[in-house]
2 protein chains.
Amino acid sequence: MEFGHIRRSEHLPARIAGQIARDITEGRMRPGEKLPTEHFLAKALGVSRSVVREAIAQLRNEGLVETRQGVGAFVTEAHARPIRIEQDDLADRQSFRDLFQLRVPLEIEAAGLAALHHTADDLRRIDEALASMSGGEKWTAEGIVADLVFHRAVAAATGNEYFSVFIGFIAERISLAIDAARAAAVLEEIVEVTIEEHVALRDAIASRDPKRARKAMKMHLLGAAKRLDLTLEGYEVASD
Amino acid sequence: MEFGHIRRSEHLPARIAGQIARDITEGRMRPGEKLPTEHFLAKALGVSRSVVREAIAQLRNEGLVETRQGVGAFVTEAHARPIRIEQDDLADRQSFRDLFQLRVPLEIEAAGLAALHHTADDLRRIDEALASMSGGEKWTAEGIVADLVFHRAVAAATGNEYFSVFIGFIAERISLAIDAARAAAVLEEIVEVTIEEHVALRDAIASRDPKRARKAMKMHLLGAAKRLDLTLEGYEVASD
DNA sequence: ATTGTAAGGTTGTCTGATAACCTTATATGG
DNA sequence: CCATATAAGGTTATCAGACAACCTTACAAT
């Protein structure tokens with residue numbers, strides 16, 4: 001018995017958009033070039049103009065084309081396109097580790113900057129996150145969320161929004177992966193030490209000592225990596 | 001005389017999508033919740049169904065909602081949404097510096113990892129980038145591009161794709177900003193020292209000495225910051 | 001030479017209809 | 001009673017055609 005994928009034609013506009021997107025990213029259409037008119041494309045592809053319009057709308061949304069009413073649709077200059085990162089990639093262990101590896105220097109730097117720049121408000125939010133971690137006795141979904149909130153709060157305290165965005169993204173993905181992959185039972189016994197590490201980090205930030213904050217964050221992340229059975233090179237010997 | 005930009009009411013569907021997007025990101029609509037039907041929205045907003053459809057299509061491709069034919073449109077779970085970073089943010093000097101500040105730890109880490117993991121191919125690509133930098137006598141657009149290629153090549157040599165993606169994004173934005181803001185004349189006289197720094201970095205990577213590679217990258221970035229008249233805290237005293 | 005006007009083409013929006021699809025309720029047969 | 005089939009209604013997906021808004025170009029008017 002063979003079920004074979006029924007080509008659910010997964011959204012007609014998306015397929016058309018994908019095809020045009022490939023034409024653009026692979027260089028068959030150059031920046032500044034004008035796309036055929038909607039009428040032409042509709043006729044050529046054998047679909048209605050609505051479908052073509054939706055496809056073009058998607059391309060516009062992805063930043064690949066710009067449209068001007070009464071004129072046409074044009075391929076955008078490459079540098080105007082936004083970055084976009086899908087998930088689905090961190091399913092395997094390799095990419096999980098890669099993501100963690102990316103996280104380490106960012107978080108360490110953030111801790112240092114947070115020590116320098118945090119406001120009273122920032123510190124209050126960090127303390128709140130810490131409280132909600134200690135409060136709940138369980139290292140369940142809420143614990144994971146609280147951890148995420150804590151790291152976000154630290155990132156926010158840098159006063160640099162890029163750190164918030166990037167760390168928020170990374171930490172969230174990692175927390176999710178942990179949530180999915182690890183048994184809660186294993187993690188419960190190590191929750192205390194984790195909280196200790198967080199408290200140490202919080203105090204270092206509060207004392208406005210960037211060096212100590214960086215060290216505390218580094219210790220925390222290395223501890224986390226160890227608990228997750230990850231090995232990170234270059235951090236046993238690195239001086240800071 | 002003031003002309004002020006005429007508010008071209010910039011695309012009806014985009015405004016509607018924006019409004020709904022705000023409802024979602026600001027928590028007024030919860031993940032899993034069903035949106036009103038297209039008919040209802042069209043009636044309620046006083047526009048045609050086409051416009052509503054286009055708005056929803058935009059939300060779908062931003063990953064904020066999912067639609068199921070014959071059922072409806074639903075707010076997606078937050079963790080399924082892709083990250084997306086527009087430019088438009090780094091117009092002012094503040095965010096330019098913020099971006100640079102984010103770049104520093106990433107590039108330093110990447111240099112260390114590149115020293116550990118680079119293959120012969122990676123090194124070849126780094127050398128090629130270096131050659132095209134030294135080759136062109138001018139620090140024009142081509143010079144900027146070559147610099148970008150160099151940093152990308154280093155990032156690729158880490159063997160960690162996340163570094164490639166993030167650094168690629170950041171470096172490109174920064175290079176563009178430099179291209180736009182700085183006079184080429186000023187930069188021409190310092191091109192030699194920049195190339196020297198790149199060569200030092202390349203050699204450190206080639207010798208598979210992560211500590212030296214990190215240091216070389218750090219020196220390069222601090223030098224670049226200085227040339228751009230940026231001040232980065234925490235790097236005069238930080239040990240590594 | 002500058003300004004006004006008309007024409008044609010393209011995207012934006014509207015309207016209405018049909019197809020494909022899902023859910024739920026009801027009927028049917030065991 | 002239970003499982004399956006069928007029907008009904010609602011929703012999104014697609015189609016078709018029209019008009020509106022807008023831009024460009026060419027040409028006429030001043």
Side-chain angles (χ1 to χ4, degrees), chain A residues 3-21 23-24 29-76 80, chain B residues 1 3-21 23-24 29 31-76 80:
Chain A
F3 285 97
H5 288 184
I6 16 177
R7 267 280 137 267
R8 175 121 261 57
S9 354
E10 205 179 329
H11 225 202
L12 206 40
R15 281 192 300 174
I16 294 174
Q19 180 179 326
I20 299 176
D23 287 341
I24 294 174
M29 300 205 67
R30 294 316 198 87
E33 193 170 336
K34 182 175 176 303
L35 270 67
T37 69
E38 296 176 352
H39 266 110
F40 179 89
L41 282 174
K43 200 76 83 177
L45 298 172
V47 297
S48 81
R49 213 186 124 205
S50 316
V51 171
V52 172
R53 276 192 63 72
E54 197 164 317
I56 290 178
Q58 178 172 339
L59 294 171
R60 184 177 46 217
N61 193 252
E62 290 169 1
L64 290 173
V65 307
E66 281 173 351
T67 60
R68 285 180 355 218
Q69 182 172 358
V71 185
F74 302 84
V75 179
T76 55
Chain B
M1 186 61 132
F3 286 97
H5 284 182
I6 19 175
R7 264 282 134 268
R8 175 142 257 55
S9 55
E10 209 179 330
H11 222 208
L12 203 42
R15 281 191 300 173
I16 294 174
Q19 180 179 327
I20 298 176
D23 286 342
I24 294 174
M29 300 204 67
E33 194 171 334
K34 182 176 176 302
L35 271 66
T37 70
E38 295 176 354
H39 265 111
F40 178 89
L41 282 174
K43 201 77 83 176
L45 298 171
V47 298
S48 81
R49 213 186 126 211
S50 316
V51 171
V52 172
R53 276 191 62 72
E54 201 163 312
I56 290 178
Q58 178 173 339
L59 295 171
R60 185 178 41 218
N61 19 93
E62 287 171 1
L64 290 174
V65 307
E66 282 173 349
T67 59
R68 285 174 8 219
Q69 184 172 352
V71 184
F74 302 85
V75 178
T76 55

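Everything quoted here is computed from the prediction, not taken from an experiment. Numbered from 1 within each chain, the chains take letters A, B, ... in sequence-line order.
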### Query
Do A/Leu12 and A/Arg15 have side chains that get closer than 4.5 Å, going by heavy atoms?
yes
### Query
Expressed in angstrom and rounded to an integer, what is the separation of A/Leu59 atom CG from C/dT11 atom P?
13 Å
### For the student: nearest non-hydrogen atoms of A/Arg30 and A/Val75, plus distance
O-CB, 3.4 Å
## Note on the structure
In whole angstroms, the gap separating P of D/dT11 from CZ of B/Phe74 amounts to 11 Å
#### Entry: d(CD1, A/Ile16; P, D/dT14) in whole Å
9 Å
### Task
Could you check how far CG of B/Leu41 sits from P of C/dT13, rounded to whole Å?
16 Å
Between the protein and nucleotides 5-9 of chain C, list the N/O to N/O atom pairs that are separated by less than 3.5 angstrom.
| residue | atom | partner | partner atom | Å |
| --- | --- | --- | --- | --- |
| C/dG9 | N2 | A/Gly70 | O | 3.1 |

#### Entry: Distance in Å, B/Ile16 CD1 paired with B/Arg53 CZ, rounded so as to fall on 0.5 Å steps
13.5 Å
### Query
Tell me: CG of B/Leu35 to P of D/dT12, nearest whole Å?
9 Å
### Message
With a 4.0 Å limit, can you tell me whether B/Arg68 has a side-chain N or O closer than that to the phosphate oxygens OP1/OP2 of D/dG10?
### Response
no
### Query
What are the two closest heavy atoms between A/Val71 and A/Lys34, and how far apart are they?
O-CE, 3.3 Å
### Message
Could you tell me how far apart A/Leu12 (CG) and C/dA19 (P) are, to the nearest whole angstrom?
### Response
17 Å
#### Entry: Sorted by number, the residues of residues 44-52 of chain A with heavy-atom contact under 4.0 Å to DNA chain C
A/Arg49
### Euclidean distance, atom CZ of residue B/Arg60 to atom P of D/dT11 [Å, nearest integer]
17 Å
### Query
Which pair of heavy atoms, one from B/Thr67 and one from B/Arg60, lies closest together, and at what distance?
OG1-NH1, 2.9 Å
### Message
For a quick test of reading the model, state the closest non-hydrogen atom pair linking B/Ala17 to B/Ala55 and the distance between them.
### Response
CB-O, 3.7 Å
### Task
Could you please spell out the steps behind the side chain to side chain donor-acceptor pair (under 3.5 Å) verdict for B/Gln58 and B/Glu54?
CA-CA 6 Å; B/Gln58 178 173 339; B/Glu54 201 163 312; over 6 Å; no
### Query
Looking only at side-chain N and O atoms, does B/Thr67 come under 4.0 Å of OP1 or OP2 in D/dT11?
no
### Query
OP1, OP2 of D/dA13 versus side-chain N and O of B/Arg53: anything below 4.0 Å?
yes
### Query
Less than 4.5 Å apart, any side-chain heavy atom of A/Ile24 and any of A/Thr76?
no
### Query
B/Glu38 CD to D/dG10 C1': how many Å, rounded?
12 Å
### Task
Compare every heavy atom of A/Leu64 with every heavy atom of A/Ala21, then report the nearest pair and how far apart it is.
CB-CD1, 3.7 Å
